[in-house]
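Written below as C-alpha cells is the structure these notes are about.
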Amino acid sequence: MIRTVRLLPVLLGTVLLTGCGSERADEADPAELALRARASGIAPELVYTTDAPGHTLAQQSVGVYGDDGFSATYVSRQKGTQVQLTVDRGTMTQATCEQQPGAESSPAPVTCARDGDAWYRSSGQWAEYAVPKEDFVIRVGGTNVPRAVLRQAADHLHRPSADELAALLPSAPAGGEPVERGDLPPAGDGAPDNDVDQGG
C-alpha cells in the first residue's frame, strides 16, 4: 500500500506531461488540410489559427504569405483594431530578434524581450509575439492592440479543427483544377471578353 501511494504522484505527473504534448482531438483531417492549403499555394504545415480576445476572423483576409506561408487577420469592430497572424519560414533568436523588421508604418527601432517560449517585439504603437518553431516562426501582432490580447493570441495558437479549416480555406476544386472563371470566353487566348455592342 505504501508503494502504491508513493507511485501515484509520479504516474499522475507522467499522464499530465503526456497530455500536454498530444494533438487536439478535434484537429482537422491532415489530408483535407493539405488539399485545401496546396490549392491556395500554402504549405500545409504552416496553417495555424488562434483565438484573439475581442477579435474575429476576417475570412477575406486569409491567404498565402511570402512564398508558401500563411496569413490571417482578426478584427475588432468595437475597438477598431486588428490582430494579424502570419506563419513563415525562418528562425528568430536573441541575436536576430531586434534585427528583423517590425511594422512598416513605425520608424521606431524594434525592441525584444523574452516571454516564455516567445519573443515580445515592439516598435512605437505596434507590437507582436513571435513564436519560433523548428523551421518557421508564428507571429501575432498589431497596432494599438493591448499586450494581454497578443499574449493570449500567442497562447491559443493551434492547428485548425475541421470547422475552423472550413472557415480558413475554401474547398479545393475536384481533381486539383483551378477555379473556373465565368468571364472567360470558351475560345481564344483566355482574356476576358470586354467587347460591347455597336453604340455601346
Side-chain angles (χ1 to χ4, degrees), residues 24 26-90 100-106 118 121 123-131 133 136-185 190-194:
R24 290 165 55 102
D26 63 345
E27 188 171 315
D29 175 53
E32 178 66 18
L33 189 155
L35 190 65
R36 292 184 180 223
R38 291 189 177 117
S40 298
I42 301 167
E45 67 272 19
L46 301 184
V47 178
Y48 276 77
T49 187
T50 190
D51 300 311
H55 295 71
T56 56
L57 174 69
Q59 290 181 307
Q60 69 274 16
S61 71
V62 178
V64 66
Y65 182 83
D67 292 333
D68 61 354
F70 176 77
S71 177
T73 301
Y74 301 77
V75 300
S76 170
R77 293 185 178 179
Q78 181 180 8
K79 300 292 186 181
T81 54
Q82 300 182 357
V83 174
Q84 185 177 25
L85 163 67
T86 60
V87 190
D88 200 14
R89 309 285 182 186
Q100 297 192 29
E104 294 181 0
S105 59
S106 177
R121 309 174 69 238
S123 174
Q125 299 301 310
W126 168 89
E128 75 173 9
Y129 271 95
V131 184
K133 296 296 184 180
F136 59 92
V137 179
I138 309 175
R139 305 168 189 254
V140 284
T143 300
N144 295 319
V145 179
R147 180 170 178 172
V149 172
L150 297 179
R151 176 71 258 188
Q152 289 188 60
D155 288 341
H156 295 161
L157 289 167
H158 59 276
R159 299 282 279 169
S161 66
D163 289 341
E164 289 170 329
L165 179 62
L168 285 172
L169 296 172
S171 299
E177 296 297 328
V179 177
E180 183 177 351
R181 289 177 51 181
D183 62 339
L184 296 180
D193 186 358
N194 295 321

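Both backbone and side-chain heavy atoms feed into the values below; hydrogens, waters and symmetry mates do not.
When all heavy atoms of Leu150 and Gly142 are compared, the pair lying nearest together is CD2-N, 4.3 Å. Residues Val131 and Ala118 come closest through the heavy atom pair CG2-CB, 3.9 Å. Taking all atoms of both residues into account, the shortest heavy-atom contact from Thr49 to Tyr74 is OG1-OH, 2.8 Å. Listed here is the closest heavy atom pair of Pro160 and Leu168: CB-CD1, 3.8 Å. When all heavy atoms of Val75 and Ala58 are compared, the pair lying nearest together is CG1-CB, 4.3 Å.
At least one donor-acceptor pair under 3.5 Å links the side chain of Gln59 to the backbone N or O of Ala167. Judged by distance alone, the side chain of Thr50 and the main-chain N or O of Ala153 form a donor-acceptor pair under 3.5 Å.
Taking CD from Glu32 and CG from Leu169, the interatomic distance works out to 9.5 Å, rounded to the nearest 0.5 Å. Rounding to the nearest 0.5 Å places CD of Glu27 at 8.0 Å from CG of Leu33. One distance of note links OG1 of Thr81 with NE2 of His55; it measures 3.0 Å at 0.5 Å rounding. For the atom pair Ile138 CD1 and Thr86 OG1, the distance stands at 9.0 Å (nearest 0.5 Å). We find the CG-OG distance between Leu46 and Ser71 to be 12.0 Å, quoted to the nearest 0.5 Å. Taking OG1 from Thr73 and CD from Gln84, the interatomic distance works out to 4.5 Å, rounded to the nearest 0.5 Å.
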Go through the steps for Val137 and Asp88 under the test side chain to side chain contact (heavy atoms under 4.5 Å, CB included), then give the verdict.
-> CA-CA 6 Å; Val137 179; Asp88 200 14; over 6 Å; no

What do the steps show when you test Asp68 against Arg89 for salt bridge (charged side-chain N to carboxylate O under 4.0 Å, His left out), and what is the final call?
-> CA-CA 8 Å; Asp68 61 354; Arg89 309 285 182 186; 3.0 Å; yes

Check the pair Val62 / Phe70 against side chain to side chain contact (heavy atoms under 4.5 Å, CB included), numbers first and verdict last.
-> CA-CA 8 Å; Val62 178; Phe70 176 77; 3.5 Å; yes

Verify side chain to side chain contact (heavy atoms under 4.5 Å, CB included) between Glu128 and Val140, making sure each step is shown before the conclusion.
-> CA-CA 5 Å; Glu128 75 173 9; Val140 284; over 6 Å; no

Working for salt bridge (charged side-chain N to carboxylate O under 4.0 Å, His left out), residues Glu45 and Lys133 | CA-CA 11 Å; Glu45 67 272 19; Lys133 296 296 184 180; over 6 Å; no

Go through the steps for Arg77 and Thr56 under the test side chain to side chain contact (heavy atoms under 4.5 Å, CB included), then give the verdict.
-> CA-CA 9 Å; Arg77 293 185 178 179; Thr56 56; over 6 Å; no

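The number of heavy atoms from other shown groups lying within 6.0 Å of CZ (Arg151) is above 12. The 12-atom threshold is exceeded at CG of Asp29, counting heavy atoms of other residues, nucleotides or ligands nearer than 6.0 Å. Atom CZ of Phe136 has more than 12 heavy atoms from other residues, nucleotides or ligands within 6.0 Å.
Both cation-pi conditions hold for Arg159 and Tyr48: the charged atom is under 6.0 angstrom from the six-membered ring centre and inside a 45 degree cone around its axis.
Here Ser123 pairs with Ser106 under the side chain to side chain donor-acceptor pair (under 3.5 Å) rule; sequence neighbours left out. Not counting sequence neighbours, Ser76 has no partner by the side chain to side chain donor-acceptor pair (under 3.5 Å) test.
Of the residues Arg147, Arg139, Arg121, the one that meets the side-chain hydrogen bond (donor to acceptor under 3.5 Å, both in side chains) test with Tyr129 is Arg147.
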